[in-house]
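This report refers to the structure that appears directly beneath it.
Values in this document were obtained by computation on a predicted structure and should not be read as measured data. In what follows, every heavy atom counts, from backbone to side chain, and hydrogens, waters and symmetry copies are set aside.
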Protein chains: 2
Amino acid sequence: MPRIRHTALDCSPGCAVEATLELIDGKWKGVILYHLLEGTLRFNAIRKRLPNVTQRMLTMQLRELERDGFLLRTVYPQVPPRVEYSLTERGRSLEPVIMALKRWGDRHTTFGRSTAVAEAAQ
Amino acid sequence: MPRIRHTALDCSPGCAVEATLELIDGKWKGVILYHLLEGTLRFNAIRKRLPNVTQRMLTMQLRELERDGFLLRTVYPQVPPRVEYSLTERGRSLEPVIMALKRWGDRHTTFGRSTAVAEAAQ
DNA sequence: GCCCATAGTATCGGAAATGATACCGTCATG
DNA sequence: CATGACGGTATCATTTCCGATACTATGGGC
């Protein structure tokens, strides 16, 4: 998605939908947020959960999430370096959104079909 | 977002999140779906609600949503033409997702601040 | 002295998404 | 006979995103 989508956020009620989408858009942000809901993770730990992300992209996505206030980046002055990422309160406030996305995906995508029965049984 | 993000959807639980995001991504899909939740709309009616969309983009986004099974395109053989767009059942199944996005946006974005109090009072 | 681990940067290039603009068909109205 | 309404297409240019690859710093272990 483009960066500056709403110079003026005066486009009727539906705009809040786009405004939120804009923030969690980016090729990996959704999954990153999802994994961080489980707890703090180091850079390479996140990388392991996203087998196809390049180092460059992961760094970029994390920086944007940090810039938008969703996560905290903690650098420990060690060698080799140790950097931990954890959700802020604002980041955790996205949980309903992330989980809604996940539930829908589980139930309606090919990937999710395998778990569809279990989910439906809730 | 890129089109083919998940050639293999085998990337751990968080993948469902991305799979869903992929489908409702596109610069205007979120808002379009939101407005169609209220009912059937004609092409130009949607256009009026999205002041900044170009005709080309609106057509493209609608076609993709149709292709993905979220909406139905009904053409009435009249002159001037009349085309109506309405959500399918699959489209309506996105309601929880769309509304989660909207609620978050209302409460956490600058645009949404004005309605934040009313929302909080729910 | 060399290599490894961690968490990055820098640079280049291609692909994809979006924007701008112009054009189309047909009937009703003026 | 020209104009406008409606729902589009076609073409081109630009912006933005993303991948591949190479490079960096530093301390510890061999």
Side-chain angles (χ1 to χ4, degrees), chain A residues 1-8 11 15 18-19 21-32 35-36 40-68 71-86, chain B residues 1-8 11 18 21-32 35-36 40-68 71-86:
Chain A
M1 273 194 206
R3 270 302 99 85
I4 304 153
R5 186 176 301 171
H6 291 97
T7 41
C11 45
C15 206
E18 274 305 310
L21 266 179
E22 224 174 302
L23 288 170
I24 63 174
D25 184 33
K27 187 153 172 180
W28 307 96
K29 290 188 188 172
V31 223
I32 293 172
H35 286 295
L36 284 177
T40 299
L41 289 173
R42 293 181 61 174
F43 186 83
N44 277 346
I46 301 176
R47 237 182 135 181
K48 260 173 226 150
R49 287 158 205 249
L50 277 50
N52 299 315
V53 76
T54 61
Q55 196 167 37
R56 172 190 131 87
M57 272 311 291
L58 182 53
T59 303
M60 290 179 62
Q61 301 282 289
L62 287 168
R63 291 295 152 83
E64 289 184 23
L65 288 169
E66 185 193 10
R67 182 203 60 193
D68 293 335
L71 55 82
L72 206 63
R73 179 169 174 268
T74 314
V75 183
Y76 297 86
Q78 305 177 354
V79 170
R82 171 190 183 85
V83 180
E84 287 186 348
Y85 293 90
S86 57
Chain B
M1 275 199 204
R3 271 300 102 85
I4 306 154
R5 186 177 300 172
H6 291 97
T7 41
C11 46
E18 275 305 311
L21 266 179
E22 225 174 300
L23 286 171
I24 62 173
D25 184 32
K27 187 157 175 180
W28 307 96
K29 290 188 190 172
V31 223
I32 292 172
H35 286 296
L36 284 178
T40 300
L41 289 173
R42 294 181 60 173
F43 186 84
N44 277 344
I46 301 176
R47 234 182 137 181
K48 259 173 226 150
R49 285 156 208 249
L50 276 52
N52 298 316
V53 76
T54 62
Q55 196 168 34
R56 172 190 134 85
M57 274 310 293
L58 182 53
T59 302
M60 289 179 62
Q61 301 281 289
L62 287 169
R63 293 293 152 85
E64 290 184 22
L65 288 169
E66 185 194 9
R67 181 203 61 194
D68 292 335
L71 56 80
L72 205 65
R73 178 167 176 269
T74 314
V75 183
Y76 295 87
Q78 304 178 355
V79 170
R82 169 190 184 85
V83 180
E84 288 187 348
Y85 293 90
S86 57

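Taking the side chain of B:Pro81 as heavy atoms from C-beta on, and the options C:dT18, D:dG8, D:dC6, the nearest nucleotide is D:dC6. Each of D:dT9, C:dG8, D:dC18 was ranked by its minimum atom distance to the side chain of A:Met57; first place goes to D:dC18. Checked against D:dG8, D:dG19, D:dA5, the side chain of B:Thr59 finds its nearest nucleotide in D:dG8.
Counting heavy atoms from C-beta on, the side chains of B:Leu50 and B:His35 come closer than 4.5 Å.
Between B:Thr40 and B:Ser86, the closest heavy-atom pair is OG1-CB, 3.3 Å.
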Go through it in stages, so that I can follow the logic: the residues are A:Phe43 and A:Leu58, the test is side chain to side chain contact (heavy atoms under 4.5 Å, CB included), and I'd like the CA-CA distance, side-chain angles, deciding distance and then a yes or no. CA-CA 8 Å; A:Phe43 186 83; A:Leu58 182 53; 3.9 Å; yes
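At C:dG8, none of the side-chain N or O atoms of A:Arg42 fall inside 4.0 Å of OP1 or OP2 (strictly under the cut-off). Taking side-chain N and O atoms only, B:Lys27 has no distance below 4.0 Å to OP1 or OP2 of D:dT16. In this structure, B:Arg73 reaches the D:dG8 phosphate: one of its side-chain N or O atoms is under 4.0 Å from OP1 or OP2.
For B:Arg82 and C:dA28, the CZ to P distance is 16 Å, given to the nearest whole Å. As a whole-Å value, the separation of B:Tyr76 OH from C:dG25 C1' is 21 Å. At whole-Å resolution of the value, CD1 in A:Ile46 and C1' in C:dG8 are 13 Å apart. Atom C1' of nucleotide C:dT18 and atom CD of A:Glu22 are separated by 14 Å, given to the nearest angstrom. Put simply, CG on A:Leu62 is 11 Å from P on C:dT9, counting in whole angstrom units. With rounding to whole Å, A:Asp25 atom CG is found 12 Å from C:dA17 atom C1'. Rounding to whole angstrom units, CD of residue B:Glu66 and P of D:dG7 are separated by 15 Å. Separating the CD atom of B:Gln55 from the P atom of C:dG19 is a distance of 14 Å, rounded to the nearest angstrom.
Within the 4.0 angstrom heavy-atom criterion, only backbone atoms of the sugar-phosphate kind lie near B:Tyr85; the bases stay farther away. At the heavy-atom level, A:Arg56 lies under 4.0 Å from base atoms of the strands shown. At the heavy-atom level, B:Arg47 lies nowhere under 4.0 Å from the strands shown.
Take the nearest nucleotide of DNA chain C for A:Asn44 and for B:Val79: the residue whose nucleotide is more 5' is A:Asn44.
Side chain A:Gln78 to base D:dG27: no donor-acceptor pair is found below 3.5 Å.
For the pairing with A:Ile46, the side-chain contact (heavy atoms from CB on, under 4.5 Å) check across A:Val31, A:Val53, A:Leu62 returns one residue only, A:Leu62. Paired with B:Tyr76 under the rule side chain to side chain donor-acceptor pair (under 3.5 Å), one option of B:Arg42, B:Glu84, B:Arg82 passes, and it is B:Glu84.
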